[in-house]
Peer 1: 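Dumping the structure here so I can ask a few things about it.
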Amino acid sequence: MTGTSTLTERFADAFMPNYGVPPLALVRGAGCEVHDEQGNRYLDLIAGIAVSSLGHAHPALVEAVSRQVATIAHTSNLFVNEPEVLLAERLLGLLGAPGRVFLASSGTEANECALKLAIKHGRAAGRSYFVAAENGFHGRTLGALSLTGKAAIRDQFGPFPLDVRFVPYGDADALKQAVTGDCAAVFLEPAQGEAGVVPPPDGYLTAARQICDATGALLVLDEIQSAIGRTGRWFAHQHDGVVPDVLTLAKGLGGGLPIGACVGIGPVADAFAKGDHGSTFGGNPVAAAAAAAVLDTIERDGLLDRVRDVGERLRQGIAGVGHPLLAGVRGRGLWLAAVLTAPVAGEVQAAAQRAGFLVNAVQPDAVRLAPPLVITAEQVDSFTAALPGILREVGR
Ligand SMILES: *Cc1c(COP(=O)(O)O)cnc(C)c1O
């Protein structure tokens, strides 16, 4: 039976229906290209949702992971390993601020750590509630889900044990109203990824920082999607010159290996006592070695500059396509959304796939592009050249 079924058919039978059935099975990749099980080749413009920062099968990642798995693959947190120490030191160095790191295996776990840290830090001072943004996304486990401002994925799993108050994203006055001396923490994305790569108005993060400073609430920036070079800086908040109290990372950090990190900056970094938190896989040396290889490669190959240049080229290329279905393009670096004038993003994604490009219908009217940071100008140009034809097929 399985011999004649495709992988997607077998997936449909063996897996829970929470993802639906994805349109393709990918069997291998090299650089920015991937191949499906029928042997078709695609230019990967989504990178596993902003994860495969170095593309596929990058020699630096292959070497680091192979070497580490052959050296020691797991120690647990009963013992220290060298890759986790190097990675934590490296992250603190990139932030340029005094702090401490907790390593996990996913984004949602990084946010769970941030939540527990904020609860612990705030409880002594009687701080009892959290503020997060409407349409924000922070993960699927119950703590992170309770911060997620999307009713469709949140409400049916409530009520939640945390008091979370939602404010419209980008509205500094609403944030100011919502945050008092009883607020433990404000959780924000520097731009909302799952909402469709939606940046806030200029000055919003600075205002959030000031509101938190004035009230003593912690500013937690969820950079799980936006960090590690995605916007042309190591961290998206560096564009605004603000420093969060807590920073969460995952996706692009491991270049495809599962890793998450929660960084406490300043005094909150010392809030946990021994025994307060943990993770068996957190600090896994293979994942940490992968992350170090990602950071080293971004630095060695000057990828931050590259992201700025190639990202701007992609942004302008899309903006230059005059088509009635295309309303514009938003985002920064290699983290963009083509905004549509009609809710046809799913059809655009399908047409792009037929034309050999993997993109993501992140919202009914927005197509997300988050390619590997190593994408070339020629590859970007091949997409913008194909885009009019893709849109023509959908408009028909
Ligand atoms: C993807 C994402 C998460 C959740 O990460 P997982 O690894 O899927 O748990 C949290 N916050 C943001 C901003 C994300 O983009």
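Ligands are counted one by one from 1 in listed order, and the atoms in each one are counted from 1 as well.
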Peer 1: Is the shortest N/O to N/O distance between Phe137 and ligand 1 below 3.5 Å?
Peer 2: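 Min N/O separation from ligand 1 is below 3.5 Å for Phe137.
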Peer 1: Among all protein heavy atoms, pick out the one at the shortest distance from atom 11 (N) of ligand 1; state its residue, atom name and that distance to 0.1 Å.
Peer 2: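 Sorting protein heavy atoms by distance from atom 11 (N) of ligand 1 puts Asp222 OD2, 2.7 Å first.
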Peer 1: Assess whether atom CZ of Phe272 is packed by more than 12 heavy atoms of other residues, nucleotides or ligands within 6.0 Å.
Peer 2: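 For Phe272, atom CZ is crowded (more than 12 foreign heavy atoms under 6.0 Å).
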Peer 1: Which of these passes side-chain hydrogen bond (donor to acceptor under 3.5 Å, both in side chains) with Glu194: Lys150, Arg368, Gln363?
Peer 2: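 Result: among Lys150, Arg368, Gln363, Arg368 is the only option passing the side-chain hydrogen bond (donor to acceptor under 3.5 Å, both in side chains) with Glu194.
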Peer 1: Among Glu189, Glu112, Lys251, which one has a heavy atom closest to atom 15 (O) of ligand 1?
Peer 2: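 Nearest heavy atom to atom 15 (O) of ligand 1 lies in Lys251.
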Peer 1: Could you find the nearest protein heavy atom to atom 7 (O) of ligand 1 and give me its residue, atom name and distance?
Peer 2: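 The closest one turns out to be Gly107 N, 2.8 Å.
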Peer 1: Given 3.5 Å as the limit, does a donor-acceptor pair link the side chain of Thr148 with the main chain of Ala144, or not?
Peer 2: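 At least one qualifying donor-acceptor pair exists.
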Peer 1: Nearest to atom 9 (O) of ligand 1, what protein heavy atom do you find, and at what distance?
Peer 2: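 Of every protein heavy atom, Thr108 N, 2.8 Å lies nearest to atom 9 (O) of ligand 1.
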Peer 1: Are any side-chain N or O atoms of Glu89 and backbone N or O atoms of Leu86, one a donor and one an acceptor, separated by less than 3.5 Å?
Peer 2: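 Side chain of Glu89 to backbone of Leu86, a donor-acceptor pair under 3.5 Å: no, none is there.
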Peer 1: Are the side chain of Arg209 and the backbone N or O of Val243 linked by a donor-acceptor pair below 3.5 Å?
Peer 2: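 Checking the backbone N and O of Val243 against the side chain of Arg209, a donor-acceptor pair under 3.5 Å is found.
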